[in-house]
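As structure tokens, the structure follows; a few thoughts come after it.
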2 protein chains.
Amino acid sequence: MCAMSRKGQQTKEKILTTARDLVMQKGFAGTSIDDILKGGPYSKGQFFHHFGSKADLATELVKWHAGRDIEMFRTTLAQAETRSDDPLAQMMLFLKMFERYISNENEPSLGCMYAVYTYESMQFDPSIRDFVADTLRDWTAIYVRKFQEILECYEPARPVTARQLAEMIVSIIEGALVLQRAYGNVTMTARQSAHFRDYLELLFGTDGKTNSGEEKRLGTAA
Amino acid sequence: MCAMSRKGQQTKEKILTTARDLVMQKGFAGTSIDDILKGGPYSKGQFFHHFGSKADLATELVKWHAGRDIEMFRTTLAQAETRSDDPLAQMMLFLKMFERYISNENEPSLGCMYAVYTYESMQFDPSIRDFVADTLRDWTAIYVRKFQEILECYEPARPVTARQLAEMIVSIIEGALVLQRAYGNVTMTARQSAHFRDYLELLFGTDGKTNSGEEKRLGTAA
DNA sequence: ATCTGAACATACTATTTGGTCTGTTATGGG
DNA sequence: CCCATAACAGACCAAATAGTATGTTCAGAT
């Protein structure tokens with residue numbers, strides 16, 4: 001009756017974990033099903049019981065990853081939001097938390113799975129490509145909202161939109177992850193994020209700041 | 001006597017071009033030799049006459065690409081350098097030229113080949129990984145030099161090193177290329193580069209500027 | 001013109017790959 | 001306890017894949 005037993009779900013997750021690690025090392029096309037099986041070890045029957053095909057794995061893998069990824073993103077942001085009422089301070093804190101997390105990355109997950117899929121995109125069907133693009137858009141959208149709040153409170157030293165800033169930090173992180181991986185340097189992404197924080201301070205910093213957080217936001221809302 | 005005839009070189013280049021286009025679409029592991037042959041069409045004998053193996057193609061392809069890539073990079077910078085004596089103006093001009101180039105990208109070369117290799121890195125042998133890392137370092141080093149010149153002439157509004165700025169623009173471009181590809185949006189990279197120029201203006205701009213280009217540079221040299 | 005090696009063509013092969021088929025074992029609801 | 005079905009095991013298969021073997025053509029130096 002039940003669609004899937006405890007044990008089954010557990011096995012499926014283990015296969016997904018193994019697949020993720022291998023895909024992050026060698027790409028999707030570069031990872032054969034046998035590679036994944038050897039990485040378990042799992043049996044062929046096990047794999048094809050849980051996944052209809054390799055293409056099916058591709059879909060389930062990104063969606064599984066994106067679910068966990070976005071959830072952690074939101075959790076971290078929510079955490080930052082409890083520690084301050086000022087959106088700029090929240091953003092700064094969030095970035096610092098991200099930097100701490102990404103530098104501690106012990107496992108072989110150096111890089112971004114969306115980038116892996118993006119750079120092999122033409123072998124996936126359009127629905128996967130769309131999903132990856134949508135996920136990146138979701139990611140950006142969260143930043144956009146926060147920067148909108150910031151722009152409601154602070155006057156930037158130069159004209160800039162929330163979207164521009166959001167896309168910039170996403171670009172910086174994506175790019176830094178490429179370099180981090182290419183160089184085998186675990187601190188690259190954190191450094192780039194820190195530099196972006198520096199830019200934000202210059203843009204919204206004490207000199208350029210015209211309104212304290214609460215004031216303008218309440219003013220706008222009223 | 002000659003190592004390779006005109007015709008041979010020509011064919012090899014055509015194969016490399018086809019291979020590059022396919023690899024940029026589906027990744028390296030996702031591109032089979034038969035795919036490349038069909039993309040020509042070329043014969044199997046032709047391929048294995050020019051390349052010892054698929055791994056050999058991997059090596060020759062990045063090196064061939066990097067040679068052309070870095071050359072264009074230097075040419076564009078040299079062009080920018082002839083139009084102004086001010087290193088900051090040169091950088092701005094260079095970025096603008098890059099933006100024009102990258103937005104016009106008609107072909108299917110959306111993205112960066114080094115990123116493709118980096119995200120499939122574990123299937124290549126270490127010498128290729130090292131080559132890619134070195135090429136990215138070369139790329140960064142050129143920016144570092146230019147930012148050093150800028151920092152000799154201008155006082156930044158916040159403390160910043162040439163290396164930080166160089167790594168930031170490289171990250172931004174790498175990341176923007178990922179987004180550009182994921183979204184199928186040809187203007188993303190140019191917009192990110194433009195935003196970085198904005199940051200540079202804020203950092204070195206009229207308010208923060210303390211020395212005119214020539215002055216301080218000469219002063220430092222003397 | 002000739003002759004040598006580069007350049008190309010193509011049939012063939014061993015292995016890998018994604019995927020199936022058949023059968024066995026474990027699980028949990030009634 | 002029973003039994004339907006989920007979960008697993010592993011032999012098997014056809015297609016794809018990288019690579020070879022063998023031969024032919026062609027360009028260019030002498």
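Since the model is a prediction, treat every value here as computed from it, not as a measurement. A, B, ... follow the sequence lines: proteins, then strands. Residue 1 opens every chain.
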Looking at every non-hydrogen atom in both residues, tell me the closest pair between A:Phe28 and A:Ala58 and how far apart they are. CZ-CB, 3.4 Å

Rounding to a whole Å, what distance do you find between A:Lys38:NZ and D:dG10:P? 16 Å

What is the separation between atom NZ on B:Lys26 and atom C1' on D:dT17, rounded to the nearest whole Å? 13 Å

Taking atom P of D:dA7 as reference, at what distance in whole Å does atom CD of A:Glu13 sit? 13 Å

Answer yes or no: does a side-chain N or O of A:Thr11 lie under 4.0 Å from OP1 or OP2 of D:dC8? yes

Which whole-number value in Å describes the distance from B:Leu37 CG to C:dC8 C1'? 12 Å

More than 12 heavy atoms of other residues, nucleotides or ligands under 6.0 Å from CZ of A:Arg163: is that the case? no

Mind calculating the distance between OH (B:Tyr42) and C1' (C:dT10) to the nearest angstrom? 18 Å

When the distance from CD of A:Gln123 to C1' of D:dA16 is rounded to whole Å, what number comes out? 15 Å

For the pair made of CD in B:Gln46 and P in D:dT24, what is the distance, rounded to whole Å? 18 Å

Ring-plane angle category for B:Tyr143 and B:Phe73, please: parallel below 30°, perpendicular beyond 60°, tilted otherwise. perpendicular

Has B:His50 got a side-chain N or O lying under 4.0 Å from the OP1 or OP2 atom of C:dC8? yes

Lys/Arg-Asp/Glu bridge criterion (N-O < 4.0 Å) met for B:Arg191, B:Glu99: no

Quick one: does any side-chain atom of B:Arg181 pair with a main-chain N or O of B:Leu110 as donor and acceptor, under 3.5 Å? yes

Can you name the atoms? Protein N/O to nucleotides 18-20 of chain C N/O, anything below 3.5 Å, with the distance.
{"from": "C:dG18", "atom 1": "OP1", "to": "A:Lys54", "atom 2": "NZ", "distance (Å)": "3.1"}
{"from": "C:dG18", "atom 1": "OP2", "to": "A:Ile33", "atom 2": "N", "distance (Å)": "2.8"}
{"from": "C:dG18", "atom 1": "N7", "to": "A:Lys44", "atom 2": "NZ", "distance (Å)": "3.3"}
{"from": "C:dG19", "atom 1": "OP2", "to": "A:Lys54", "atom 2": "N", "distance (Å)": "2.7"}
{"from": "C:dG19", "atom 1": "N7", "to": "A:Lys44", "atom 2": "NZ", "distance (Å)": "3.4"}
{"from": "C:dG19", "atom 1": "O6", "to": "A:Lys44", "atom 2": "NZ", "distance (Å)": "2.9"}

Quick check on the 6.0 Å ring-centre criterion: do A:Tyr199 and B:His195 meet it? yes

With a 4.0 Å limit, can you tell me whether B:His49 has a side-chain N or O closer than that to the phosphate oxygens OP1/OP2 of C:dC8? no

Taking atom types as modelled, is there a side-chain donor on B:Ser127 or B:Asp125 under 3.5 Å from an acceptor on the other? yes

NZ of A:Lys12 versus C1' of D:dA6: gap in Å, rounded? 13 Å

